[in-house]
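Below: one structure, written as structure tokens.
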Amino acid sequence: MDFKIETVWLKNENQKNKLIQFLKKFDLNYENNLDYSVIIRDDKDNIIGSCSKSKNIIKCLAVNYEYRGYNLSASLVNSIIDKIFNDGYSHFFAFTEDKNIEIFQSLGFSKVFSANGVSLFENGIYGILEYLNKLYKKYNLDEDKRGSLVMNCNPMTLGHLHLIKYACENSREVLLFVVEEDKSIFSFKDRIEIIKNATKDIDNLKIIESSDYIISQATFPTYFLKEITDQIKIYTELDVSIFGKYFAKKLNINRRYVGKEPFDNVTNYYNSSMKKILPTYGVEVVEIERLKIHNKFVSASLVRKLIHDDNLEEAYKYLPKATIEFLNSQNGKKIINIIKQG
């Protein structure tokens, strides 16, 4: 039987629409962040198989049922892996339905976690256990229990600083994981530098890059959509469970501190999921009241709105000195202009 394998450039709307229609047959949603796809056509030029990627994450593997048994899935995945390596990645992930588990295992992938019929696999120069071992040694961690925080800080506010100080006052040591995924107006490099400057006098705080395993394209690609969907429910369970099963166990984390979320539905749902899931891994979820200043809840979105409205003086009331200093820098002024332009 003759097959034809080819690259699909997703900027070609005609090709993209055909791929979208093909994926619908398998109840797979086309995601706008896909950057590369490979398809297989039959001798009549019909799509019979496809696989896509977003950076170093393999997604949307599908092969028509009548063509299974021809090793097409392995061919598709191997083609995507070649592209991932060519793009400079040496560690990569795969999202797939549980029915494809054997395919990825046969290609050397290791399962990280399964949730609601979807599994996250990984492959490459290291795995999650090797990563955590390196983290344990790098930050000179011991076997005593410690607290944790996960923050994006877009930008860092006095509310973030309030939560950090509360955590550090109530735990012997606190690990702060800064979301590394660059999907925010303030870059990861700038966000983590601001946090370090704002907390330099807190001795029992250790600031750590979140890696691909916490709120990233791999574990929670829809976190930044800010609306509840079936996908978000799956990714929430995946992200929280990975934290509990791996991070909490290896790094001796027994508490995760979060701020109450009165406005954002996704963050509120995420907090609720943590309360249900993390205690099963021995992690207490400590939720504290959000800081209020001038009878307003402090939030990064409030600060961004004030900047957008050209009200910097008011915005500064909700920011620590380190964030204000950054906004007054050359890079900070560029970001202010971007926010003002909407």
Side-chain angles (χ1 to χ4, degrees), residues 1-68 70-89 91-100 103-104 107 109 116-123 181-185 212 215-235 238 266 342:
M1 192 173 291
D2 294 328
F3 303 114
K4 181 169 63 177
I5 189 164
E6 62 183 77
T7 297
V8 175
W9 298 104
L10 296 177
K11 292 181 181 179
N12 182 319
E13 288 299 317
N14 182 47
Q15 293 277 28
K16 185 167 75 173
N17 289 333
K18 288 180 179 179
L19 179 57
I20 290 171
Q21 293 305 313
F22 175 74
L23 292 174
K24 282 182 179 179
K25 296 191 298 182
F26 304 91
D27 293 323
L28 291 173
N29 292 320
Y30 177 87
E31 297 179 23
N32 288 325
N33 61 358
L34 298 178
D35 56 46
Y36 186 88
S37 293
V38 171
I39 63 171
I40 292 179
R41 299 180 185 273
D42 62 14
D43 53 4
K44 296 181 181 179
D45 214 33
N46 298 312
I47 298 176
I48 58 172
S50 73
C51 190
S52 302
K53 82 172 189 71
S54 174
K55 295 184 178 178
N56 64 331
I57 304 159
I58 301 170
K59 298 182 177 183
C60 298
L61 173 63
V63 174
N64 275 355
Y65 183 80
E66 61 267 32
Y67 290 96
R68 292 173 188 176
Y70 290 92
N71 208 31
L72 300 186
S73 295
S75 296
L76 288 163
V77 173
N78 279 324
S79 295
I80 289 289
I81 290 173
D82 288 342
K83 175 60 177 173
I84 289 173
F85 276 124
N86 288 337
D87 286 349
Y89 296 101
H91 180 235
F92 45 95
F93 297 87
F95 265 124
T96 185
E97 296 174 292
D98 285 349
K99 65 184 180 183
N100 294 325
I103 295 169
F104 285 95
L107 294 171
F109 283 76
N116 297 307
V118 176
S119 293
L120 177 66
F121 283 83
E122 67 176 345
N123 202 345
E181 194 70 53
D182 256 330
K183 283 184 170 291
S184 302
I185 295 173
D212 286 325
I215 306 183
S216 70
Q217 282 276 63
T219 63
F220 209 150
T222 54
Y223 178 78
F224 299 89
L225 294 182
K226 298 306 177 188
E227 60 181 77
I228 301 296
T229 65
D230 288 338
Q231 283 184 318
I232 282 179
K233 293 176 181 178
I234 292 172
Y235 292 138
L238 188 69
V266 171

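Just the heavy atoms: all of them, side chains too, but no hydrogens, waters or symmetry mates, feed the values below. All of these numbers come straight from a predicted model, not from anything done at the bench.
One finds the OG atom of S119 at 10.0 Å from the CD atom of E97 (value rounded to the nearest 0.5 Å). Note that CG of L238 and CG of L120 are 5.5 Å apart. Values are rounded to the nearest 0.5 Å. For the atom pair CD1 of I58 and OG of S52, the computed distance is 10.5 Å after rounding to the nearest 0.5 Å. Note that NZ of K83 is 7.5 Å distant from CG of D35, once rounded to the nearest 0.5 Å. Residue I40 holds its CD1 atom at 5.5 Å from OG of S75, rounded to the nearest 0.5 Å. Distance CD1/I20 to OG/S50: 11.5 Å, rounded to 0.5 Å.
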Practice item. Check the pair I84, Y36 against side-chain contact (heavy atoms from CB on, under 4.5 Å), reporting the backbone distance first and the verdict last. Key: CA-CA 10 Å; I84 289 173; Y36 186 88; over 6 Å; no
Exercise for review: Starting from the C-alpha separation in whole Å, work towards a yes-or-no answer on side-chain contact (heavy atoms from CB on, under 4.5 Å) for D87 and K53.
Suggested key: CA-CA 11 Å; D87 286 349; K53 82 172 189 71; 3.0 Å; yes
Exercise for review: Determine, stepwise, if the pair N64 / K25 fulfils side-chain contact (heavy atoms from CB on, under 4.5 Å).
Suggested key: CA-CA 9 Å; N64 275 355; K25 296 191 298 182; 3.4 Å; yes
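Taking every heavy atom of both residues into account, G49 and F22 meet most closely at N-CZ, 3.6 Å. Minimum interatomic distance between S37 and L19 (heavy atoms only, all atoms of both residues): OG-CD2, 3.5 Å. Nearest heavy atom pair, residue L34 against residue K59, reads CD2-CD, 4.1 Å. Across every non-hydrogen atom of A62 and L23, the tightest pair is CB-CD2, 4.4 Å. The nearest pair of heavy atoms linking I47 to I39 is CG1-CD1, 4.0 Å.
By the 4.5 Å heavy-atom criterion applied to side chains, Y70 and I48 are not counted as neighbours. E122 is not listed as a side-chain neighbour of D212, based on a closest heavy-atom distance of 4.5 Å or more.
Residues F92 and F109 bring their aromatic ring centres within 6.0 Å.
More than 12 non-hydrogen atoms from other residues, nucleotides or ligands lie less than 6.0 angstrom from NZ of K99.
Of the possible polar contacts, none joining the N46 side chain to the D42 backbone as a donor-acceptor pair under 3.5 Å is found.
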